[in-house]
Number of protein chains: 2
Amino acid sequence: MSMSLQIDAAPTFPLCPIEPAAHIIGQKWTLQIVYFLLDSTSMRFCELQDRLGGVNPSTLSSRLKMLEEEGIVRRTQISAIPPHVEYSLTEKGRTLEDVIRAVTQWSNTWLCGRCS
Amino acid sequence: MSMSLQIDAAPTFPLCPIEPAAHIIGQKWTLQIVYFLLDSTSMRFCELQDRLGGVNPSTLSSRLKMLEEEGIVRRTQISAIPPHVEYSLTEKGRTLEDVIRAVTQWSNTWLCGRCS
DNA sequence: CATAGCACTACGCTTAATATAGTATGCGCT
DNA sequence: AGCGCATACTATATTAAGCGTAGTGCTATG
């Protein structure tokens with residue numbers, strides 16, 4: 001109970017404030033998915049698959065599920081004919097525009113050599 | 001040799017301009033490393049290890065190597081006593097400040113619930 | 001001379017991502 | 001009715017990325 005007797009825990013540093021964000025956008029394909037969804041009002045699974053160029057469907061599926069759970073992406077079943085699914089950004093998702101803009105600018109300025 | 005005879009390649013979409021950037025900052029710990037290096041003029045390996053909290057040294061080592069190859073991080077051997085190594089951002093690396101700022105802001109606005 | 005700190009590397013293991021194939025549903029054509 | 005095609009995935013097996021733990025070589029410092 002003594003205040004002076006503390007378990008000597010690992011030295012605690014102030015947490016990195018971007019860690020929770022890094023946990024999301026640090027996953028493969030996340031930035032690209034958001035980039036394309038920002039560009040259009042909504043997209044289908046296959047369309048995203050084509051645009052991302054070589055993502056595997058399991059990965060895309062789980063990434064979209066994660067983004068949905070994070071409240072960034074909205075999944076909508078369209079019951080028209082033919083019925084299909086549409087993915088779009090939520091309000092929260094659209095606030096990533098600043099991030100995407102900064103990344104795009106940096107990419108274009110410093111990494112353009114890789115764009116063929 | 002006929003111009004009209006083209007191998008029908010996969011439908012080519014315009015490449016995602018953030019892809020090269022995503023390849024770098026989409027790797028685990030990259031954003032956090034840059035975040036901390038932006039905050040101080042230079043840091044040591046162990047210091048980064050502590051601040052990142054639980055990164056494994058192999059991963060940190062390879063990430064720093066990658067960032068060095070990308071021209072984002074500079075590795076400096078200090079021959080003082082005791083000799084040691086310092087990591088700092090290059091000019092190119094410091095241009096990531098806009099990205100980090102945008103991510104930090106988004107993280108603070110939308111993800112603060114996870115920061116304990 | 002033992003101990004501690006720094007900057008890593010090495011090892012084996014787990015998780016993430018991949019390629020490829022397959023499933024379920026519905027539509028249009030014949 | 002049967003076939004092929006499209007959409008939106010899931011399943012399986014393999015490879016790559018990241019992890020925990022331990023250990024190395026070096027230099028101080030007590």
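The structure displayed is predicted, hence computed values, not measured ones. We name chains A, B, ... by the order of the sequence lines, and we start the count at 1 in each one.
B:Arg75 places no side-chain N or O within donor-acceptor distance of the main-chain N or O of B:Tyr87, the cut-off being under 3.5 Å. Under the 3.5 Å distance criterion, the side-chain polar atoms of A:Glu70 are left unmatched by any main-chain donor or acceptor of A:Leu67.
Between B:Leu52 atom CG and D:dG18 atom P there is a gap of 13 Å when expressed in whole angstrom units. Between the CD1 atom of B:Ile33 and the P atom of D:dG18 there is a distance of 11 Å, given to the nearest Å. Rounded to an integer number of Å, the gap from A:Leu48 CG to D:dT7 C1' is 13 Å. Rounded to an integer number of Å, the gap from A:Gln77 CD to C:dT25 P is 13 Å. Nucleotide C:dG5 holds its P atom 15 Å from the CD atom of B:Glu47, rounded to whole Å. With rounding to whole Å, B:Gln49 atom CD is found 15 Å from D:dA22 atom P. Look at CE on B:Met43: it is 11 Å from P on C:dA7, rounded to the nearest Å. What separates CG of B:Leu60 from P of C:dC8 is a distance of 9 Å, to the nearest Å.
Taking only side-chain atoms of A:Val85, from C-beta outward, the nucleotide of C:dC6, D:dA8, D:dG20 with the closest atom is D:dA8. Closest to the B:Trp29 side chain, of the nucleotides C:dA17, D:dT7, D:dC19, is D:dC19. When distances run from any side-chain atom of B:Thr59 to the nucleotides D:dA8, D:dG18, D:dG20, the shortest one goes to D:dG18.
Toward the 5′ end of DNA chain D lies the nearest nucleotide of A:Phe45, the other residue of the pair B:Gln27 and A:Phe45 mapping further downstream.
Within the nucleic acid shown, A:Ser61 comes within 4.0 Å of sugar-phosphate atoms alone, with no base atom in reach, counting heavy atoms only. Within 4.0 Å (heavy atoms only), B:Ser62 reaches no atom of the nucleic acid at all.
The minimum heavy-atom distance linking B:Gly71 with B:Lys92 is given by the pair O-CB, 3.6 Å. For the residue pair A:Trp29 and A:Thr59, the shortest heavy atom distance occurs at CD1-CG2, 3.8 Å. In terms of heavy-atom proximity, A:Cys16 sits nearest to B:Tyr35 at SG-CD2, 3.7 Å. Closest heavy-atom contact between A:Met43 and A:Leu48: SD-CD2, 3.9 Å.
The pair B:Glu97-B:Arg101 meets the salt-bridge criterion, since a charged nitrogen lies less than 4.0 angstrom from a carboxylate oxygen.
Checked by distance alone, B:Asn56 brings no side-chain donor or acceptor within 3.5 Å of a matching partner on the base of D:dG18. Looking at A:Ser58, its side chain comes within 3.5 Å of the base of D:dA11 through a donor and an acceptor atom.
At the phosphate of D:dT7, neither OP1 nor OP2 sits under 4.0 Å from any side-chain N or O atom of A:Tyr87. One finds no side-chain N or O of B:Arg63 lying less than 4.0 angstrom from the OP1 or OP2 phosphate oxygen of D:dA17. Under 4.0 angstrom from either OP1 or OP2 of C:dT18 there lies at least one side-chain N or O belonging to A:Lys28. Residue B:Arg75 places at least one side-chain N or O closer than 4.0 Å to OP1 or OP2 of C:dC8. The side chain of B:Lys65 contributes an N or O atom lying less than 4.0 Å from OP1 or OP2 of C:dT9.
Partner of B:Ile33 under the side-chain contact (heavy atoms from CB on, under 4.5 Å) criterion, out of B:Thr30, B:Leu31, B:Leu37: B:Leu37 alone.
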Report all interatomic pairs (protein N or O, nucleotide N or O of nucleotides 24-30 of chain D) with separations under 3.5 Å.
none

